[in-house]
Amino acid sequence: MNALLALLSLALCLAIALTARGGAAAVLFCVAVAAVAGAFLHRVKEHRTFFLRIFVGGLLLRAGLATLIYVFNLQEFFGGDALTYDSVGNSLVESWQSRYPLGGDVAATWAGVGGGWGMVYMVGIIYSVVGRNMLAVQLFNSVIGAATAPLICLCAYHIFQNRRVAYLSAFFVAFYPSLVLWSAQGLKDGPIVFLLALAVLATLKLGERLSFKYLLALVLALFAILSFRFYVFYMMAAAVAGSLLVGMKRFNSGSVGRQFVIIVFAGLALTYLGVLRRASVQLETYGNLEKVQASRSDLAASAKSGFGKDVDVSTTSGALSAIPLGLTYLLFAPFPWQLASLRQSITLPEMLVWWASFPLLVLGLWFTVKYRLRAALPVIIFTGMLTLAYSLFQGNVGTAYRQRAQLLVFYFIFVSVGYVLLKERREDAKRRQELSHRAVSEGARAVQENRRARAAAR
């Protein structure tokens, strides 16, 4: 297996370098970033072989798709935002080179409140290293998208201490089509999902013991999430704080002190990074239902795939009444009767898999709440809050499908739990059946031996 993955990696690198414009520079950059990620994965002794294989396999799939999108100019078809990030990121680099701050009004706007400035700066930094090269950005996202699978594996294993659950969760994240698609483009979805997984893993580890390494990772992940999608930051911050305050294990004097130190340090660090200042401006600008309604109306009216155009969430009662419809679309759209174009139709195979997996999600979530609630608090609080938030202000099938990726990586942990539960039940039933057959056979054999003994005695 290792030799095959190495051979495929070499072949793909050569193919990209020879066929794509700027491919050689992009490949070298990708290899360097992948080597750093591989070095971190190699340090995890217990799952080392699996991690490296799932990482390389996921990266090869994403890199191949990224190259196809780049070579055939499919950015507009799959995600037109990538072209915007390319343009603004290049403007930012030009501003750095000419010593004019933020590259003019366009970059200044993106660096402002709620503009996703983290993605612009990420593109600018990459372009500063390799030049203007969209493929390099796509391959960078491919690396961190593939690295998300081991992170989710570690999260699942920490919560359930079950190798089957952990490995199956990683397999879903590495190879599920929409997760591959969004992390193979120059979009911010891949980095956001990676950062969410990193923040959850750091929280789980900190709930067990105080570690400066994981505390630093948590602070940096939260700040980076704020720079990419600010409202997701608040939900993750609430999940982290709630988990640490409630406690992921039974309380004792040591755990209370540890969690107090973590919360205080993280709060001070984020304050130093300017989070409170940004938060006050963002809450003042976006923190009301009228703004949510305006955003939702724009999404519903922006394309044919809009839904609930007559829904008004500007009041509390209206927001509550909109959640069931929004939740249905967020979890299950696009529906078969909505597949009116090629871009929508290609989602059908994976949607069939997702719809079939949903009962397993419910089963796994029920088991988690009943038996692993404290251990899974960060995942449950965050996914619950973000699911309700997206149900409230999503009004477009395409956007809901895309942003569901931020939830799928955690949903798949519960799907894996449900699958393993059913599998273990079948194995137990089969084992009991075999034991029953064996007991019957041994009983019949004993009866025959008794008869033979009686006949010999006569």
Side-chain angles (χ1 to χ4, degrees), residues 37 40-41 43-55 57-58 144-176 178-180 183 190 192-209 211 214 217-218 221 236 239-240 243 248-249 353-354 357-384 386-387 404-425 427:
F40 279 100
L41 296 177
R43 296 177 62 184
V44 185
K45 296 180 180 180
E46 187 174 1
H47 311 285
R48 177 185 299 167
T49 300
F50 175 78
F51 277 4
L52 292 176
R53 287 177 178 177
I54 202 79
F55 170 68
I144 61 175
T148 305
L151 289 180
I152 290 297
C153 180
L154 288 172
C155 292
Y157 190 77
H158 184 96
I159 295 170
F160 298 101
Q161 296 298 307
N162 185 296
R163 194 178 295 265
R164 284 181 172 179
V165 170
Y167 284 10
L168 184 58
S169 302
F171 184 85
F172 272 122
V173 174
F175 301 114
Y176 194 70
S178 61
L179 297 178
V180 173
S183 59
I192 289 173
V193 172
F194 173 83
L195 292 168
L196 292 175
L198 179 59
V200 168
L201 177 62
T203 304
L204 291 171
K205 294 292 186 181
L206 290 170
E208 185 176 54
R209 64 183 180 87
S211 166
Y214 285 111
L218 175 62
M236 178 54 74
V240 171
S243 302
M248 288 171 278
K249 290 189 174 183
V353 174
W354 170 240
S357 302
F358 194 77
L360 298 176
L361 169 66
V362 175
L363 176 61
L365 186 57
W366 170 84
F367 176 88
T368 304
V369 171
K370 188 173 182 179
Y371 297 105
R372 292 287 190 274
L373 179 59
R374 278 182 175 270
L377 270 180
V379 177
I380 292 176
I381 294 175
F382 172 72
T383 54
L386 191 58
T387 297
R404 187 165 60 217
Q406 298 166 29
L407 295 162
L408 279 178
V409 291
F410 301 111
Y411 286 163
F412 280 138
I413 295 177
F414 303 123
V415 170
S416 301
V417 172
Y419 174 81
V420 171
L421 282 174
L422 290 182
K423 186 176 179 60
E424 289 180 349
R425 288 176 184 175
E427 291 174 349

Can you name the residues that form a side-chain contact (heavy atoms from CB on, under 4.5 Å) with Phe358, not counting sequence neighbours?
-> Leu331, Phe332, Trp354, Leu361, Val362

Could you check if a side-chain atom of Leu204 sits within less than 4.5 angstrom of a side-chain atom of Tyr157, using non-hydrogen atoms only?
-> no

Candidate list Val379, Leu377, Val240, Leu198, test side-chain contact (heavy atoms from CB on, under 4.5 Å), partner Thr203, passing option | Val240

Just how far is it from atom CD1 of Ile192 to atom CD of Gln406, taken to the nearest 0.5 Å?
-> 5.0 Å

Exercise: identify the closest heavy-atom pair between Ile413 and Ala156 = CG2-CB, 4.1 Å

Any side-chain heavy-atom pair from Phe175 and Ile54 closer than 4.5 angstrom?
-> yes

Taking all heavy atoms of Ala170 and all of Cys153, pick out the closest pair and write down the distance.
-> CB-CB, 3.7 Å

Beyond-backbone contact of Ser178 with Leu408, side-chain heavy atoms, under 4.5 angstrom = yes

Output the distance between atom OG1 (Thr368) and atom CD1 (Ile159), rounded to the nearest 0.5 Å.
-> 7.5 Å

List, one per line, each side-chain donor-acceptor pair under 3.5 Å for residues 416-424, sequence neighbours excluded.
residue, atom, partner, partner atom, Å
Ser416, OG, Ser169, N, 3.2
Ser416, OG, Ser169, OG, 3.2
Ser416, OG, Phe412, O, 2.8

Find the distance between CD (Glu46) and CZ (Phe51) and round it off to the nearest 0.5 Å.
-> 8.5 Å

Arg164: partners by salt bridge (charged side-chain N to carboxylate O under 4.0 Å, His left out), with sequence neighbours left out = Glu427

What's the shortest heavy-atom distance between Ala174 and Val180, and which atoms?
-> O-CG2, 3.5 Å

Could I get the full list of side chain to side chain donor-acceptor pair (under 3.5 Å) partners for Arg48, not counting sequence neighbours?
-> none

Please identify each residue that fulfils ring-ring contact (aromatic ring centres under 6.0 Å, His included) with Tyr214, with sequence neighbours left out.
-> none

Ala147: side-chain contact (heavy atoms from CB on, under 4.5 Å) partners, not counting sequence neighbours = Phe55, Phe194

Residues in ring-ring contact (aromatic ring centres under 6.0 Å, His included) contact with Phe50, at least two apart in sequence or another chain = Tyr167

Any idea which heavy atoms bring Leu373 and Val369 closest together, and the distance?
-> CB-O, 3.4 Å

Taken to the nearest 0.5 Å, the spacing of Leu179 CG from Thr148 OG1 works out to 8.5 Å

What is the minimum heavy-atom distance between Ala239 and Ile381, and which atoms define it?
-> CA-CG2, 3.5 Å

Evaluation steps, side-chain contact (heavy atoms from CB on, under 4.5 Å), between Leu154 and Lys205 = CA-CA 10 Å; Leu154 288 172; Lys205 294 292 186 181; 5.6 Å; no

Residues at least two apart in sequence or cross-chain that pass side chain to side chain donor-acceptor pair (under 3.5 Å) with Thr383, listed by chain then number, are none

Decide yes or no for Leu363 and Trp366: does some side-chain heavy atom of the first lie under 4.5 Å from some side-chain heavy atom of the second?
-> yes

Look at atom OH of Tyr176 and say whether more than 12 heavy atoms of other residues, nucleotides or ligands are closer to it than 6.0 Å.
-> yes

Mind checking what makes side chain to side chain donor-acceptor pair (under 3.5 Å) contact with Thr387, not counting sequence neighbours?
-> Tyr411

Sequence neighbours left out, what passes side chain to side chain donor-acceptor pair (under 3.5 Å) with Ser357? Give chain and number order.
-> none

Residues which pass ring-ring contact (aromatic ring centres under 6.0 Å, His included) with Phe40, listed by chain and number, not counting sequence neighbours | none

Here the gap from Leu196 atom CG to Phe410 atom CZ, rounded to the nearest 0.5 Å, amounts to 5.5 Å

ring-ring contact (aromatic ring centres under 6.0 Å, His included) with Phe160: which residues, sequence neighbours excluded?
-> none

Rounded to the nearest 0.5 Å, what separation is found between the CG atom of Leu218 and the CE atom of Met236?
-> 9.0 Å

